[in-house]
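Below: one structure, written as structure tokens.
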Amino acid sequence: TKIQRQTREFRIEDLIADEPMVVTASNEGYIKRLPVTTYRKQKRGGRGVSGMETKEEDFVKDLFIANTHDYMLFFTNRGKVYWRKVHELPKASRTARGRAMVNVLDISGDERVTVCLPVRDLKEPDKQVFFVTSKGIVKRTPLVDFSNPRATGIRAINLDNDDFVIDVQVTSGKDNVLLATYEGQAIRFPETDVRSMGRTAGGVI
């Protein structure tokens, strides 16, 4: 054993293996993680297994494969974003419902999580975060603008009092965007038609 007088900065995360996890979030706001190996490979004719216990009116909304050292971005209906590392999310059994997000994040008031997105590198160049609101407002912001996590969250988009975030996606900066309405109308356009804006901007129609 060699004792060193000086060592680099040590973090608890350094003791956590960087391994793939299944992250599951329900419509009613419950979230959990568990190892990918929990789900055994099935052959043809397999009957499947339960992946999450939910209330009768609840259902699984999002399911991601993300490594324990990845970031999970949580965007709320009121335009804020929160961060957690995947290893900080509650670990639960395959059939467990998980933990309410309001107990995992510092959410207050009438906020609720609308979108969960796994991101490996928050400083990846050219990557954009594309927002869509209930009033048809769109906005894109460089991903790097979200690279300074705060436990209490930060403002991601400014909204009118009667407007809400309905979807958020990470894009390449050169993608095409397809938006559809509940009445069946759709529009497609290159995301470059929407100029990149800072976090506190409100977006465009």
**Message:** Checking K174 against E191 for the salt bridge (charged side-chain N to carboxylate O under 4.0 Å, His left out) test, could you report, in this order, the C-alpha distance in whole Å, the side-chain angles of both residues, the deciding distance, and whether it holds?
**Reply:** CA-CA 6 Å; K174 300 178 182 179; E191 66 169 296; over 6 Å; no
**Message:** Checking side-chain polar atoms at under 3.5 Å, does D106 have a donor or acceptor matched by the opposite partner on T152?
**Reply:** no
**Prompt:** Any side-chain heavy atom of I137 sitting closer than 4.5 Å to one from V132?
**Reply:** no
**Message:** Restricting to non-hydrogen atoms, name the atom on M101 and the atom on A25 that form the minimum distance, rounded to 0.1 Å.
**Reply:** CE-CB, 3.6 Å
**From F74 atom CZ to I31 atom CD1, the distance as rounded to the nearest 0.5 Å** = 4.0 Å
**Any donor-acceptor N/O pair, T68 side chain to A17 backbone, under 3.5 Å** = yes
**Request:** Begin from the C-alpha positions of V23 and L89 and carry the test side-chain contact (heavy atoms from CB on, under 4.5 Å) through to its verdict.
**Result:** CA-CA 9 Å; V23 180; L89 300 178; 3.9 Å; yes
**Request:** Would you check, one step at a time, whether the test side-chain contact (heavy atoms from CB on, under 4.5 Å) holds for W83 with M72?
**Result:** CA-CA 6 Å; W83 295 259; M72 186 67 70; over 6 Å; no
**Request:** Answer yes when R120 and D18 have at least one side-chain N-carboxylate O distance shorter than 4.0 Å, and no when they do not.
**Result:** yes
**Prompt:** Going from OG1 on T171 to CG on N176, what distance comes out if it is rounded to the nearest 0.5 angstrom?
**Reply:** 11.0 Å
**Prompt:** Are the side chain of K32 and the backbone of A96 linked by a donor-acceptor contact shorter than 3.5 Å?
**Reply:** yes
**Prompt:** Does the side chain of I157 reach to within under 4.5 Å of the side chain of V165, using non-hydrogen atoms?
**Reply:** yes
**Asked** With the threshold set at 4.0 Å, does a side-chain nitrogen-carboxylate oxygen contact exist between D162 and K135?
**Response** yes
**Request:** Determine the minimum heavy-atom distance between Y30 and G98, stating which atoms define it.
**Result:** CD2-O, 3.9 Å
**Prompt:** Closest heavy-atom contact between F164 and N161?
**Reply:** CZ-O, 4.4 Å
**Asked** Does one hydrophobic cluster hold both Y71 and M21, with members joined at side-chain heavy-atom distances below 4.5 Å?
**Response** no
**Prompt:** For L159 and G79, which heavy atoms make the closest approach, and how far apart are they?
**Reply:** CD1-N, 3.7 Å
**Request:** Please round to the nearest 0.5 Å and tell me the distance separating atom CG of D145 and atom CD1 of I154.
**Result:** 8.0 Å
**Asked** Can you check whether Y82 and F75 have ring centres sitting under 6.0 Å from each other?
**Response** no
**Message:** Just verifying a value: how many Å separate H69 NE2 and E19 CD, rounded to the nearest 0.5 Å?
**Reply:** 9.0 Å
**Message:** So, taking the atom named CZ in R99 and the one named CZ in R33, what distance separates them when rounded to the nearest 0.5 Å?
**Reply:** 12.0 Å
**Request:** Apply the side chain to side chain contact (heavy atoms under 4.5 Å, CB included) test between V113 and each candidate in D62, V81, L105, V104; give the one that qualifies.
**Result:** L105
**Prompt:** P142 and M197: which non-hydrogen atoms are nearest, and at how many Å?
**Reply:** CD-O, 3.6 Å
**Prompt:** Are L63 and V22 close enough that some pair of their side-chain heavy atoms sits under 4.5 Å apart?
**Reply:** yes
**Asked** Does a donor on one side chain and an acceptor on the other come within less than 3.5 Å for Q128 and S196?
**Response** yes
**Request:** Would you check, one step at a time, whether the test side-chain contact (heavy atoms from CB on, under 4.5 Å) holds for R199 with F146?
**Result:** CA-CA 8 Å; R199 286 191 297 103; F146 301 95; 3.8 Å; yes
**Message:** Applying a strict under-4.5 Å side-chain criterion to I, L, V, M, F, W and Y, I'd like to know whether V119 and F64 cluster together.
**Reply:** no
**Message:** Tell me whether D175 contacts the main-chain N or O of S172 through its side chain, where contact means a donor paired with an acceptor under 3.5 Å.
**Reply:** yes
**Request:** Look at the side-chain heavy atoms of Ile, Leu, Val, Met, Phe, Trp and Tyr, link any pair under 4.5 Å apart, and say whether L73 and I107 land in one connected group.
**Result:** no
**Minimal non-hydrogen separation, N27 against D58, with atom names** = N-OD1, 3.2 Å
**Request:** Begin with the C-alpha distance, continue with both residues' side-chain angles, and end with the deciding distance and a verdict on side-chain contact (heavy atoms from CB on, under 4.5 Å) for N67 and V86.
**Result:** CA-CA 7 Å; N67 282 15; V86 170; over 6 Å; no
**Asked** Is there a donor-acceptor pair closer than 3.5 Å between any side-chain N or O of R140 and the backbone N or O of V194?
**Response** yes
**Request:** Kindly indicate whether the side chain of K61, heavy atoms from C-beta on, has any atom under 4.5 Å from the side chain of C116.
**Result:** no
**Asked** Is there a donor in the side chain of N77 and an acceptor in the side chain of T114, or the other way round, less than 3.5 Å apart?
**Response** no
**Prompt:** Do the non-hydrogen side-chain atoms of F189 and L179 ever get within less than 4.5 Å of each other?
**Reply:** yes
**Rounded distance [0.5 Å steps], CD1 in I166 versus OG in S134** = 6.5 Å
**Asked** Can you find a pair of side-chain heavy atoms, one from F130 and one from V138, that are under 4.5 Å apart?
**Response** yes
**Request:** Determine whether the side chains of E111 and T76 contain a donor N or O and an acceptor N or O closer than 3.5 Å.
**Result:** yes
